[in-house]
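Have a look at the structure below before the remarks.
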There are 2 protein chains.
Amino acid sequence: MTTLNEVARHAGVTSATVSNVLRNRGRVGEATRQRVLDAIAALGYRPHLPARALAEGRAPTIALMVSSIANPFYPEFALAVETALRRSGQFLIICNTDGDPQTGRAYLDQIAGSLSAGVLVMNANLDFADLHMTELRGAPVVLCMWERPLDPPGLPCVAVDFRLAGELAARHLLELGHRKIGAIVGSKVSGIHAARYDGFVAAMQAAGIDGAAAPVLYAPDTTQGGYAAALELLKKHPELTALYATNDLPALGAMQAAADLGLEVPRQLSVVGITDIQLARESRPALTTVAVPTVEAAELAVDLLRELIDAPASTATATGHGANAPRVCVTSAPRLVVRASTAPPRV
Amino acid sequence: MTTLNEVARHAGVTSATVSNVLRNRGRVGEATRQRVLDAIAALGYRPHLPARALAEGRAPTIALMVSSIANPFYPEFALAVETALRRSGQFLIICNTDGDPQTGRAYLDQIAGSLSAGVLVMNANLDFADLHMTELRGAPVVLCMWERPLDPPGLPCVAVDFRLAGELAARHLLELGHRKIGAIVGSKVSGIHAARYDGFVAAMQAAGIDGAAAPVLYAPDTTQGGYAAALELLKKHPELTALYATNDLPALGAMQAAADLGLEVPRQLSVVGITDIQLARESRPALTTVAVPTVEAAELAVDLLRELIDAPASTATATGHGANAPRVCVTSAPRLVVRASTAPPRV
DNA sequence: CTGAAAGCGCTAACAT
DNA sequence: ATGTTAGCGCTTTCAG
């Protein structure tokens with residue numbers, strides 16, 4: 001392995017100078033700089049990142065906590081995060097928590113503050129206490145997809161107006177003429193999809209329908225979950241002409257359930273989801289959904305995290321716990337994407 | 001941040017002793033060990049991983065190179081890799097190359113040998129020269145899904161018998177009674193799906209059909225690619241009763257093409273893929289495919305990589321370039337998974 | 001069984 | 001403009 005010192009010797013200078021040309025710090029004469037550059041090229045020198053991390057007191061990596069990278073939404077987000085990080089010379093460590101707070105804590109314990117300079121959290125079912133502890137240990141934390149911009153979580157975050165997303169979805173159905181709409185909520189009653197459901201209810205209300213009274217089922221946020229929920233919903237409420245799911249995966253599952261029930265989408269049943277994952281485009285019929293600005297959210301999250309990392313420690317701590325509330329960045333608004341899974345109800 | 005030294009002082013010992021209890025090295029008296037453990041707990045000490053990496057000369061992370069983590073197959077694999085790594089206290093760095101050798105090289109340059117102790121390569125379109133260079137720089141490399149167990153790549157690898165996979169897929173179609181079968185190959189003629197196509201041809205031959213003469217189209221390894229290819233194939237060869245795709249994504253695309261053409265799958269057209277990704281189970285109709293042992297491959301790859309990392313440097317180098325050929329681990333055989341996308345041809 | 005000491009490769013004052 | 005020096009936190013001989 002080539003070290004700074006070897007490069008220095010080769011160039012007839014000292015390691016400090018080499019370090020300086022490497023990072024464009026301090027003044028270095030043009031001649032020496034060239035000599036150093038040549039030596040670096042000749043020796044094929046590459047900086048030793050852990051050594052640098054140790055000396056700088058800051059690692060070049062950040063951690064992304066997800067419950068399972070295999071969830072079809074996460075890779076799209078992870079890709080955007082990685083791209084943003086790469087631009088600034090940072091690296092991405094993926095931490096799967098398996099939805100288990102213990103595993104998440106173990107990861108935070110090991111990584112945060114030394115191996116990774118900061119932590120991005122995608123709904124990974126982590127204890128907030130652990131996250132605050134992580135901040136205290138010097139690794140800023142950013143929540144990547146907070147659901148309620150107006151109701152901050154006490155942690156820096158990127159917020160998406162999912163309530164609006166729910167409203168847009170419901171409104172679309174209502175405008176098509178649907179009145180009997182069922183809802184599939186991809187989490188527990190109190191869960192992270194609550195805002196999406198609220199938006200739905202509000203839109204119904206606004207249309208003069210008792211939204212809260214509309215058939216609703218809480219299910220796991222998966223294709224399977226949506227499938228089972230749709231089956232049950234349609235069996236119990238054959239009068240339904242449309243289904244609203246708080247996420248694309250359950251919506252896709254609902255479409256499959258319809259297919260298995262012999263219901264033609266969208267002629268006999270309309271289905272709408274939220275997020276606009278890749279699969280939404282690729283399903284048949286293609287899914288009408290409310291697109292969430294994933295890439296934008298990833299970029300905001302990375303920017304925010306970097307800011308916190310670069311901030312003086314005191315400030316960073318204050319941001320988390322002091323007088324001034326943690327920052328929340330709001331993305332641009334979600335927007336409806338009409339595809340082939342929605343149509344006016346049959347008469 | 002708490003350091004080893006602080007723990008040592010707190011326990012009335014020296015940092016060496018603390019280090020020893022931490023790693024169960026050297027002999028430490030039971031009393032001292034307890035005192036040290038208490039101090040660690042009391043102070044909430046966590047080892048500084050980069051410092052350890054520097055001192056040990058080995059990082060606790062490995063890199064996974066993929067062309068894009070958003071490709072639906074990769075996350076499943078990445079999850080298995082992460083799980084295997086986690087078991088042994090290592091961390092996963094995801095490197096998206098965007099299918100660009102330059103980007104891949106940049107990553108290898110920065111990471112290999114210092115930030116990560118080894119590199120796992122999933123078809124990421126990297127130059128072999130770069131990979132050999134990486135080995136030379138001290139970071140073992142393992143190819144994760146080599147297609148031809150009998151034709152080693154000159155680099156340590158995990159091989160899956162994809163030729164057999166192709167055979168199994170074709171055989172299934174033939175046994176159902178299909179004779180007019182089209183093939184969609186998810187890569188260039190010379191590409192990584194060649195073995196899968198060879199298997200198909202062989203099975204056809206064995207059934208007395210000129211497999212090489214069967215309609216075939218090379219397309220990008222994506223849903224879109226399969227969609228377009230199927231459209232073209234079915235238009236040019238309306239006599240086809242079945243489509244074989246060398247990967248699930250194109251197979252799924254082919255099913256969509258059939259749907260858009262008004263062809264009912266499997267009544268009017270059978271479709272079979274390879275891999276058995278999550279989506280294969282979830283599509284409607286569910287895709288018949290040849291399952292590849294993804295998790296097993298991930299575990300083998302991690303094991304092999306760790307072996308290479310632990311091997312004395314000389315051996316590791318020799319493994320790559322010396323007399324004894326690089327190891328190749330072969331996974332268990334792929335196996336047919338019959339679902340709903342295949343049926344006997346209509347009469 | 002435990003301590004002392006010498007780095008690992010790099011950065012960042014501070015000198016010169 | 002470049003060199004000196006003192007660490008960053010940890011591991012690891014080698015002594016005691």
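The figures here come from the full heavy-atom set of this structure, side chains too, leaving out hydrogens, waters and symmetry mates. Order of the sequence lines sets the chain letters (A, B, ...), proteins ahead of strands, with each chain counted from 1.
Counting non-hydrogen atoms under 4.0 angstrom, A:Ser114 reaches nothing in the nucleic acid. Using a 4.0 Å heavy-atom distance criterion, B:Gly57 is classed as making no nucleic acid contact. A:Thr17 comes within 4.0 angstrom of sugar-phosphate atoms only, judged by non-hydrogen atoms across all strands, and of no base.
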Please determine whether side chain to side chain contact (heavy atoms under 4.5 Å, CB included) holds for the pair A:Ile111 and A:Ser116, giving the CA-CA distance in whole Å, both sets of side-chain angles, and the decisive distance to 0.1 Å. CA-CA 6 Å; A:Ile111 280 199; A:Ser116 73; 2.7 Å; yes

Full working for side chain to side chain contact (heavy atoms under 4.5 Å, CB included) between B:Ile192 and B:Met145: CA-CA 10 Å; B:Ile192 57 166; B:Met145 284 261 163; over 6 Å; no

Please walk me through it: do B:Gln110 and A:Arg86 pass side chain to side chain contact (heavy atoms under 4.5 Å, CB included)? CA-CA 11 Å; B:Gln110 296 180 92; A:Arg86 176 145 38 101; over 6 Å; no

Hey, can you pull the donor-acceptor pairs under 3.5 Å for the side chains in residues 29-41 of chain A, sequence neighbours left out?
| residue | atom | partner | partner atom | Å |
| --- | --- | --- | --- | --- |
| A:Thr32 | OG1 | A:Gly29 | O | 3.1 |
| A:Arg33 | NH2 | A:Asn24 | OD1 | 3.0 |
| A:Arg35 | NH1 | A:Ala11 | O | 2.6 |

Side-chain donor/acceptor pairs under 3.5 Å, residues 47-60 of chain A, sequence neighbours excluded:
| residue | atom | partner | partner atom | Å |
| --- | --- | --- | --- | --- |
| A:His48 | ND1 | A:Ala51 | N | 3.2 |
| A:Glu56 | OE2 | A:Arg23 | NH1 | 3.4 |
| A:Glu56 | OE2 | A:Arg23 | NH2 | 2.8 |
| A:Arg58 | NH2 | A:Ile309 | O | 3.4 |

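Residues forming a ring-ring contact (aromatic ring centres under 6.0 Å, His included) with A:Tyr107 (at least two apart in sequence, or on another chain): B:Phe91.
In summary, the side chains of B:Arg306 and B:Ser88 do present a donor paired with an acceptor at a separation below 3.5 Å, with no hydrogens or angles considered.
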For nucleotides 7-11 of chain D, tabulate all protein N/O to nucleotide N/O atom pairs closer than 3.5 Å, reporting atom names and distance.
| residue | atom | partner | partner atom | Å |
| --- | --- | --- | --- | --- |
| D:dC8 | O2 | A:Ala55 | N | 3.2 |
| D:dG9 | N2 | B:Ala51 | O | 3.4 |
| D:dC10 | OP1 | B:Tyr45 | OH | 2.3 |
| D:dC10 | OP1 | B:His48 | N | 3.1 |
| D:dC10 | OP2 | B:Leu4 | N | 2.4 |
| D:dT11 | OP1 | B:Arg23 | NE | 3.0 |
| D:dT11 | OP1 | B:Arg52 | NE | 2.5 |
| D:dT11 | OP1 | B:Arg52 | NH2 | 3.3 |
| D:dT11 | OP2 | B:Ser19 | OG | 2.9 |

All N/O contacts under 3.5 Å from nucleotides 14-16 of chain C to the protein, with atom names and distances to one decimal?
none

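Put simply, CZ on A:Arg33 is 12 Å from C1' on D:dA1, counting in whole angstrom units. The separation between B:Asn24 atom CG and D:dT12 atom C1' is 16 Å, rounded to whole Å.
Looking at A:Ser19, its side chain never comes within 3.5 Å of a backbone N or O of A:Ser15 through a donor-acceptor pair.
Here the shortest heavy-atom pairing between A:Gly44 and A:Thr2 reads O-OG1, 4.3 Å.
Five base pairs at each end of the helix from C:dC1-D:dG16 to C:dT16-D:dA1 define two local axes, and these are offset by 40° (rounded to 10°).
Atoms CG and CG, on B:Leu300 and B:Leu305 in that order, are 12.5 Å from each other to the nearest 0.5 Å.
Between B:Ala31 and A:Asn20, the residue anchored nearer the 5' end of DNA chain C, judged by the nucleotide with its closest heavy atom, is B:Ala31.
Considering B:Thr134, B:Asp130, B:Thr97, B:Asp100 in turn, B:Asp130 is the only one that fulfils the side-chain hydrogen bond (donor to acceptor under 3.5 Å, both in side chains) rule with B:Arg105.
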